[in-house]
Amino acid sequence: MPLSTWLIYFATVLVVSATPGPNMLLAMTHGIRFGLRRTTPTLLGLLLALALIMGLSAAGLGALLVTSEWLFGLVKYAGAAYLLWLGIKTWRSQPQALAEGETEAQAGSGWAGFRTGFLVAMSNPKAIVFFTALFPQFMDPAQPQGPQLLILAATFFVIETSWQCAYAAGGARLKAWLNSPRRLKLMNRVAGGSFIAAGVALTRASSQAHA
């Protein structure tokens with residue numbers, strides 16, 4: 001892969017990955033509640049799902065979702081239902097002192113964070129279609145496909161990991177400022193509303209990559 005092509009891809013992914021979405025919002029929210037170190041299981045869940053999605057795209061599932069409206073709809077509405085449930089749960093959760101929330105995380109919510117991160121990242125079938133549409137734009141059909149896919153996927157994974165850590169660290173830095181019932185309630189409403197909005201938007205998603 002020419003360096004110039006990779007640099008264009010790098011710049012594109014850097015901007016796309018930085019755009020706030022359910023994954024970044026979850027990383028920031030858990031960073032606020034638990035701190036950066038205790039958000040690690042959530043980040044691992046998000047990143048495992050990302051790796052799986054890219055693998056499925058490379059395996060051709062993205063093309064299948066584009067051609068099968070029934071399959072796309074099934075995955076889409078299941079993901080939307082989960083985001084709506086998570087949004088309502090977050091919206092209705094009572095403000096809790098952040099020190100107490102961190103104690104709960106230390107008591108054994110690592111698996112819960114990992115599971116939530118994995119399910120949030122896997123809830124959007126358009127991510128699979130997105131990678132199926134994105135990767136070929138930067139690939140040379142005359143060259144071996146495997147090494148090119150590996151470079152593109154690894155680059156995206158590293159950039160996404162960096163942004164998720166940045167969002168989680170930013171949330172952790174806001175912890176002291178947010179440690180009041182009024183601000184925590186506002187944060188719950190903002191985060192819950194964002195997840196609900198993402199779920200509603202997902203129900204309107206088309207299987208077309210440009211949607």
Side-chain angles (χ1 to χ4, degrees), residues 1-58 62 79 83 86 90 98 101-102 105 109-139 146-178 187 190-191 194-195 197-198 201 209:
M1 177 179 296
L3 178 61
S4 58
T5 301
W6 182 83
L7 288 174
I8 295 172
Y9 174 77
F10 180 89
T12 301
V13 172
L14 193 66
V15 174
V16 170
S17 184
T19 305
N23 293 3
M24 298 303 174
L25 177 64
L26 183 67
M28 185 179 69
T29 303
H30 280 204
I32 291 171
R33 294 179 59 193
F34 308 131
L36 179 58
R37 186 167 65 91
R38 295 294 172 180
T39 305
T40 300
T42 304
L43 299 179
L44 291 176
L46 289 167
L47 293 171
L48 176 62
L50 174 65
L52 181 59
I53 287 172
M54 287 192 292
L56 291 172
S57 297
L83 287 177
L86 183 63
T90 304
L98 292 177
E102 189 172 353
S109 63
W111 167 246
F114 177 86
R115 182 183 63 221
T116 300
F118 182 82
L119 291 175
V120 166
M122 289 296 294
S123 64
N124 185 4
K126 287 192 73 179
I128 301 176
V129 179
F130 169 76
F131 285 118
T132 304
L134 176 68
F135 288 164
Q137 307 303 318
F138 300 89
M139 296 175 64
Q148 294 183 81
L149 282 171
L150 183 60
I151 292 172
L152 295 175
T155 301
F156 197 103
F157 191 87
V158 170
I159 293 175
E160 183 78 2
T161 300
S162 301
W163 276 119
Q164 287 185 15
C165 289
Y167 270 77
R173 288 181 177 273
L174 290 173
K175 185 175 182 178
W177 182 80
L178 284 168
M187 182 63 197
V190 171
S194 298
F195 283 125

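In this structure, the side chains of Thr116 and Thr42 stay at 4.5 Å or more apart for every pair of heavy atoms. A 4.5 Å side-chain heavy-atom check between Phe114 and Leu48 finds at least one atom pair inside the cut-off. Considering only heavy atoms from C-beta on, Phe118 comes within 4.5 Å of Leu52 through its side chain. When side chains are defined from C-beta on, Gln164 does not count as touching Leu26, because their heavy atoms never get closer than 4.5 Å.
How far SG of Cys165 is from CG of Leu47: 7.5 Å, rounded to the nearest 0.5 Å. Met24 CE to Leu46 CG: the interatomic distance, rounded to the nearest 0.5 Å, is 8.5 Å. Interatomic distance, Thr161 OG1 to Leu50 CG, rounded to the nearest 0.5 Å: 7.0 Å.
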Can you give me every donor-acceptor pair (side chain of residues 1-10, partner residue at least two apart or in another chain, under 3.5 Å) with its distance?
unit_1: Trp6; atom_1: NE1; unit_2: Thr155; atom_2: OG1; d: 2.9
unit_1: Tyr9; atom_1: OH; unit_2: Leu152; atom_2: O; d: 2.7

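Heavy-atom minimum distance, Phe156 versus Met54: CB-SD, 4.1 Å. Closest approach of Ala169 and Leu36 over heavy atoms only: N-CD1, 3.9 Å. The two residues Asn23 and Ala121 come nearest to each other via the heavy atoms OD1-CA, 3.5 Å.
Between the side chain of Thr39 and the backbone N or O of His30, at least one donor-acceptor pair lies under 3.5 Å.
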